[in-house]
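Proteins come first, then strands; the chains are lettered A, B, ... in the order of their sequence lines, and each starts at number 1. FYI, side chains are in, hydrogens and waters are out, and symmetry mates aren't considered; it's all heavy atoms of this structure.
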Number of protein chains: 2
Amino acid sequence: MAPTRPSSSSSTAPAGDGGSSRATPAARLRVQRVRPAYRQVADELRAQIVGGSLGAGERLPNEADLSHAFGVSRSTVREALRVLASQHLIETTRGVQGGSFVAAPDPSRVVEDVGGALGVLVMTPQLRLHDLLEARLMLEPSAARLAAQRADADTVEAIREAAGAPRDLRDPSGFVGHLDFHTTVLMSTGNLMITMMGQPVNDVLRTRLRRVGVEAAEWDRVDEWHRVIADHIAAGEGAAAEEAMRDHLIALRSLYERDGLWTDGPTDT
Amino acid sequence: MAPTRPSSSSSTAPAGDGGSSRATPAARLRVQRVRPAYRQVADELRAQIVGGSLGAGERLPNEADLSHAFGVSRSTVREALRVLASQHLIETTRGVQGGSFVAAPDPSRVVEDVGGALGVLVMTPQLRLHDLLEARLMLEPSAARLAAQRADADTVEAIREAAGAPRDLRDPSGFVGHLDFHTTVLMSTGNLMITMMGQPVNDVLRTRLRRVGVEAAEWDRVDEWHRVIADHIAAGEGAAAEEAMRDHLIALRSLYERDGLWTDGPTDT
DNA sequence: TACAATTTGTCCGTATGTATC
DNA sequence: TGATACATACGGACAAATTGT
């Protein structure tokens with residue numbers, strides 16, 4: 001609470017009073033560019049949020065009060081709030097009872113953001129399809145082993161459902177169902193960090209990979225592999241599950257890396 | 001180019017013209033909350049960027065033109081631009097020749113963002129220290145094996161330097177140097193995706209973990225382990241590097257999980 | 001059902017800082 | 001030394017959404 005001014009130790013001369021007196025000649029050396037006011041406000045509020053001074057669910061002062069407290073205009077406060085909102089640190093609603101509230105940490109939003117960032121990075125010289133598949137090949141076999149060691153009745157059922165759900169291969173949801181098996185395995189480790197590592201890759205593959213050119217028989221083999229892996233996990237056979245997942249991903253990799261499996265943009269094509 | 005209006009098919013009645021005519025009674029059922037104009041503008045521009053319609057380095061129209069093109073005010077455009085800038089999709093500079101430019105995809109920014117998001121997630125019931133260490137234990141041994149298989153002269157030198165750099169244990173930079181070895185191993189895989197998976201964890205451990213209570217002799221053993229791993233990687237002994245890294249991380253885990261190694265906030269305490 | 005209160009959303013006009021030429 | 005073109009910031013006003021009376 002009680003937000004402090006962004007800079008300006010003098011209380012009689014609010015920072016950013018339309019036009020102010022900053023512009024000291026020392027700044028001409030371009031040692032460092034002044035950070036805009038909206039950034040300073042955003043940084044200050046972010047520090048209060050991540051520092052625990054503002055707890056999850058807590059309500060921020062309204063925009064008018066914030067603008068007065070920071071000595072900036074309401075427009076500037078709003079730009080700062082937009083930054084925080086786009087980082088999922090606050091959520092804003094309208095109306096009486098509305099306002100800006102500190103958002104609860106949400107892993108799924110992190111996964112979404114990373115997936116989005118991956119979408120613009122992938123297919124550049126820096127990040128190729130092969131890198132994604134190789135990274136997945138590093139994580140998911142170990143995840144399958146861990147899942148086998150820890151699976152209880154509920155997770156086993158979820159994995160079996162993800163592996164065995166019947167689907168029409170011509171239906172787009174079929175492809176989604178396919179990768180949802182891998183997602184389920186990640187989550188079955190009971191380790192959120194492992195899910196957050198692996199899921200963005202799966203998301204990018206799901207949204208940017210074409211299904212054209214893949215024979216139905218190949219998809220049947222994918223299904224069969226999933227069932228085998230699910231059986232190993234259900235039986236608690238960690239080493240076997242790891243091996244089966246590795247073999248499966250290697251086969252998938254050669255399937256994916258055939259030409260024409262990529263789209264330029266999202267799946268709309 | 002040629003951005004379209006956010007909604008409002010009628011060209012004679014710009015959306016958000018101070019007061020407008022929307023407010024159809026059908027909306028009273030709260031089927032869906034209307035998205036604010038700044039959000040629609042941001043989404044439209046984002047679609048143009050990720051869709052390739054606006055290439056990296058390309059310049060967006062200035063704020064006045066954008067406000068005219070979208071039929072909204074400059075303030076609304078600015079809020080949209082703040083959202084895109086905070087997602088590292090654009091960069092804005094002032095002055096003539098300035099403006100908003102489509103940013104080049106930058107993996108390091110993704111790593112920073114994920115690290116920041118991890119910082120607010122960690123130490124909640126959803127994500128514990130043990131999860132981070134376990135996830136690292138899954139990734140880095142395999143990464144060490146891959147690094148050994150691929151290391152050329154330059155990367156070997158970098159790894160040796162990260163492992164053998166002398167440091168004062170009482171100096172904070174010593175701790176940084178310690179985890180930089182693990183970062184170097186990740187990067188030595190030549191696979192950016194693996195680095196992006198593992199580095200945020202290392203960042204969080206570096207910024208939020210205390211060094212107090214750790215004996216100097218234990219740090220010496222950490223150094224020794226790093227040297228052993230570096231030797232295996234330099235010799236191209238993948239299996240040995242993987243084993244050594246695994247043993248090292250297991251030992252580190254028991255070291256980290258002792259009481260009192262966590263700080264509530266960033267390292268300032 | 002109607003009305004009031006509160007808060008965000010959006011607009012406009014204006015002024016200033018900043019970088020380039 | 002200007003002149004230009006851009007982002008940055010201000011302040012005030014009104015519209016829209018939500019909740020309560």
Side-chain angles (χ1 to χ4, degrees), chain A residues 6-8 13-25 27-30 32-42 59-68 70-85 90-101, chain B residues 5-8 13-25 27-42 59-68 70-85 90-101:
Chain A
S7 55
S8 162
D17 186 21
S20 72
S21 55
R22 200 179 295 108
T24 57
R28 213 189 312 144
L29 300 180
R30 187 139 354 116
Q32 188 160 2
R33 191 151 72 257
V34 280
R35 286 212 308 236
Y38 71 85
R39 211 181 215 297
Q40 300 182 38
V41 173
R59 182 183 188 172
L60 276 65
N62 66 38
E63 296 174 352
D65 288 347
L66 283 175
S67 94
H68 182 261
F70 282 102
V72 300
S73 73
R74 192 159 85 96
S75 335
T76 301
V77 167
R78 282 182 60 77
E79 293 185 29
L81 293 179
R82 294 291 85 77
V83 171
L84 298 178
I90 64 171
E91 288 169 357
T92 300
T93 59
R94 279 203 273 194
V96 58
Q97 299 280 3
S100 294
F101 299 83
Chain B
R5 313 285 279 273
S7 55
S8 162
D17 184 20
S20 75
S21 56
R22 199 181 294 106
T24 58
R28 212 187 314 145
L29 300 180
R30 187 142 357 116
V31 240
Q32 188 160 3
R33 191 151 73 254
V34 280
R35 287 214 308 239
Y38 68 83
R39 212 180 221 295
Q40 300 182 38
V41 173
R59 181 183 186 171
L60 275 66
N62 65 40
E63 295 175 351
D65 288 347
L66 283 175
S67 92
H68 183 260
F70 282 103
V72 299
S73 73
R74 266 195 73 205
S75 333
T76 302
V77 167
R78 282 182 61 77
E79 292 185 27
L81 293 179
R82 294 291 82 79
V83 171
L84 299 179
I90 64 171
E91 290 169 355
T92 62
T93 59
R94 283 199 273 193
V96 61
Q97 298 277 4
S100 295
F101 299 83

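For the pair A:Arg35 CZ and C:dT18 C1', the interatomic distance rounds to 18 Å; values are reported in whole Å. For B:Glu63 and C:dG17, the CD to C1' distance is 14 Å, given to the nearest whole Å. Atom pair B:Glu79:CD and C:dT8:P shows a separation of 12 Å (rounding to whole Å applied). A straight line from CD of B:Gln40 to C1' of D:dA16 spans 14 Å, rounded to a whole angstrom. As rounded to whole Å, 11 Å separates atom C1' of C:dT8 from atom CZ of A:Phe101. Regarding A:His68, its NE2 atom lies at a distance of 14 Å from the C1' atom of D:dG11, rounded to whole Å. Rounding to whole angstrom units, CD of residue A:Glu91 and P of D:dT18 are separated by 15 Å. Atoms CG (A:Leu81) and P (C:dT7) sit 14 Å apart, rounded to a whole Å.
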Shorter than 3.5 Å, N or O on both sides, protein versus nucleotides 1-5 of chain D: list them out with atom names.
| unit_1 | atom_1 | unit_2 | atom_2 | d |
| --- | --- | --- | --- | --- |
| D:dA5 | N3 | B:Val96 | N | 3.2 |

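Of the side-chain N and O atoms in B:Tyr38, none sit less than 4.0 angstrom from OP1 or OP2 of C:dT10. Residue A:Arg78 places at least one side-chain N or O under 4.0 Å from the OP1 or OP2 atom of C:dG9. Taking 4.0 angstrom as the limit, B:Arg82 places a side-chain polar atom (N or O) nearer than this to OP1 or OP2 of D:dT8.
Of the residues near DNA chain D, A:Arg94 and A:Pro36, the one whose nearest nucleotide (by heavy atom distance) lies more toward the 5' end is A:Pro36. Both A:Ser75 and A:Thr93 sit near DNA chain C, but only A:Thr93 has its closest nucleotide nearer the 5' end.
Checked against salt bridge (Lys or Arg N to Asp or Glu O under 4.0 Å), A:Arg78 has the following partners two or more places apart in sequence or in another chain: A:Glu63, B:Glu79. Residues satisfying the salt bridge (Lys or Arg N to Asp or Glu O under 4.0 Å) criterion with B:Arg39, sequence neighbours excluded, are absent altogether.
For the residue pair A:Ser73 and A:Ser67, no side-chain donor N or O sits within less than 3.5 Å of a side-chain acceptor on the partner.
Looking only at side-chain heavy atoms (C-beta outward), B:Arg82 and B:Thr92 come within less than 4.5 Å of each other. Looking only at side-chain heavy atoms (C-beta outward), B:Phe101 and B:Thr93 come within less than 4.5 Å of each other.
For A:Arg74 against C:dG9, a side-chain N or O and a base N or O form a donor-acceptor pair under 3.5 Å.
Side-chain N or O atoms of A:Arg59 include one that pairs as donor or acceptor with a backbone N or O of A:Gly98 at under 3.5 Å.
Of all the heavy atoms in B:Ala80 and B:Val41, the pair that sits closest is CB-CG1, 3.7 Å.
Look at D:dT8: its Watson-Crick or wobble partner, with both distances under 3.5 angstrom, is C:dA15.
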